[in-house]
Amino acid sequence: ANTRAAGATYAAAGDAPWPAPGMSDHLVATELPGPPGRIRDLPILGHAEAGEDGTFLDNGTITGYAGRPSNLVGVANAYALIVHNSSMRPRYEPREIIEVDPNILVQPNDYVVVQTTDDRAFIKLLRRRTQRAIILEQYNPPKEIRLDPEQVAVMHLIVGAHRVYR
């Protein structure tokens with residue numbers, strides 16, 4: 001390891017990955033510190049399925065905290081979700097933490113969390129949005145998903161992701 005300014009320690013090329021303190025073999029939401037140097041105060045709100053029949057478990061309930069990236073410092077309503085399937089692989093892998101800023105307007109070709117009025121949630125790529133349809137793309141299997149805009153409660157921008165560090 002190399003030491004730089006103010007006693008901070010950084011991994012040197014070829015070093016083994018740093019284990020996160022307190023990590024177990026079983027993933028528990030309260031054990032997700034994120035990359036080194038992040039303050040662990042970004043609330044994890046259940047999880048979202050990347051698949052077509054999305055699920056938002058513990059809807060609105062904070063199940064733990066993840067490391068807050070610098071682009072979400074000061075964003076009080078930012079949140080994180082845990083990815084639980086592979087329909088958006090290779091962009092998002094199972095067990096990754098996605099970071100969401102609900103204040104930035106989404107545009108076509110943004111990766112988004114879509115929550116429906118019946119409390120399903122999806123992680124998808126927004127392709128198009130018209131007055132008659134919201135068209136989303138998933139990768140595995142390749143598929144276009146059309147939702148009626150009246151079915152969509154919220155659509156939030158994914159601004160980052162990181163793997164769970166073990």
Side-chain angles (χ1 to χ4, degrees), residues 17 20 23-35 38 40-72 75 77-166:
M23 289 296 287
S24 69
D25 289 335
H26 303 287
L27 181 64
V28 177
T30 56
E31 298 179 342
L32 303 172
R38 291 186 177 187
R40 194 171 75 191
D41 70 347
L42 185 65
I44 299 171
L45 302 180
H47 70 265
E49 296 289 341
E52 183 181 354
D53 62 344
T55 308
F56 204 165
L57 296 181
D58 304 314
N59 185 11
T61 302
I62 295 172
T63 61
Y65 292 90
R68 182 179 296 267
S70 60
N71 62 327
L72 292 178
V75 181
N77 58 345
Y79 62 93
L81 295 169
I82 301 172
V83 178
H84 279 266
N85 73 20
S86 60
S87 75
M88 289 304 288
R89 183 181 270 167
R91 182 67 172 103
Y92 298 111
E93 299 284 337
R95 295 178 42 147
E96 270 189 313
I97 303 288
I98 60 166
E99 301 143 354
V100 181
D101 187 336
N103 303 312
I104 300 174
L105 294 176
V106 299
Q107 299 178 30
N109 298 314
D110 282 342
Y111 290 95
V112 296
V113 173
V114 177
Q115 186 174 358
T116 61
T117 55
D118 62 354
D119 287 332
R120 293 178 298 151
F122 305 95
I123 299 168
K124 297 291 176 236
L125 177 62
L126 174 62
R127 280 300 181 195
R128 290 183 303 284
R129 179 171 49 182
T130 69
Q131 290 183 342
R132 292 184 292 155
I134 293 173
I135 298 139
L136 306 168
E137 180 182 346
Q138 83 173 23
Y139 293 157
N140 293 307
K143 186 177 211 174
E144 182 178 275
I145 298 168
R146 291 176 166 263
L147 297 174
D148 185 314
E150 292 178 7
Q151 293 177 285
V152 176
V154 296
M155 189 163 24
H156 293 156
L157 182 66
I158 299 171
V159 295
H162 67 272
R163 294 183 187 260
V164 175
Y165 288 81
R166 299 172 48 87

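Everything numeric in this text was worked out from a predicted model, so none of it was measured.
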I need the minimum non-hydrogen distance between [X] and [Y], along with the two atoms involved.
X      : Y      : answer
Ile123 : Met88  : O-CG, 3.2 Å
Ala78  : Pro102 : CA-CD, 3.9 Å
Ala80  : Leu42  : CB-CD2, 3.8 Å

| message | side chain to side chain contact (heavy atoms under 4.5 Å, CB included) for Ile82 and Ile97? Distances and angles first, verdict last. | response | CA-CA 5 Å; Ile82 301 172; Ile97 303 288; 3.6 Å; yes
| Yes or no on side chain to side chain contact (heavy atoms under 4.5 Å, CB included) for Arg163 and Arg95, after CA distance, side-chain angles and deciding distance? | CA-CA 7 Å; Arg163 294 183 187 260; Arg95 295 178 42 147; over 6 Å; no
Working to the nearest 0.5 angstrom, can you tell me the gap between [X] [atom1] and [Y] [atom2]?
X      : Y      : atom1 : atom2 : result
Ile135 : Arg127 : CD1   : CZ    : 11.0 Å
Glu93  : Ile98  : CD    : CD1   : 13.5 Å
Asp101 : Asn71  : CG    : CG    : 7.5 Å
Leu81  : Ile44  : CG    : CD1   : 9.0 Å
His162 : Glu99  : NE2   : CD    : 5.5 Å
Asn109 : Leu126 : CG    : CG    : 7.5 Å

| request: With the side chain counted from C-beta on, respond yes when Pro43 and Tyr65 share a heavy-atom pair under 4.5 Å apart, and no when they do not. | output: yes
| Note, Ile62 side chain near Leu45 side chain (heavy atom, < 4.5 Å) | yes
Result block: side-chain N/O donor-acceptor pairs under 3.5 angstrom for residues 145-159, not counting sequence neighbours:
residue: Arg146; atom: NE; partner: Glu144; partner atom: OE2; Å: 3.3
residue: Asp148; atom: OD1; partner: Glu150; partner atom: N; Å: 2.8
residue: Gln151; atom: OE1; partner: Asp148; partner atom: N; Å: 2.7
residue: His156; atom: ND1; partner: Tyr79; partner atom: OH; Å: 2.8

| query | Under 3.5 Å, side chain of Asp110 to main-chain N/O of Val112, donor-acceptor pair present? | reply | no
| said: When you measure from the centre of the six-membered ring of Tyr111, is the NZ or CZ of Arg91 closer than 6.0 Å and no more than 45° off the axis? | reply: yes
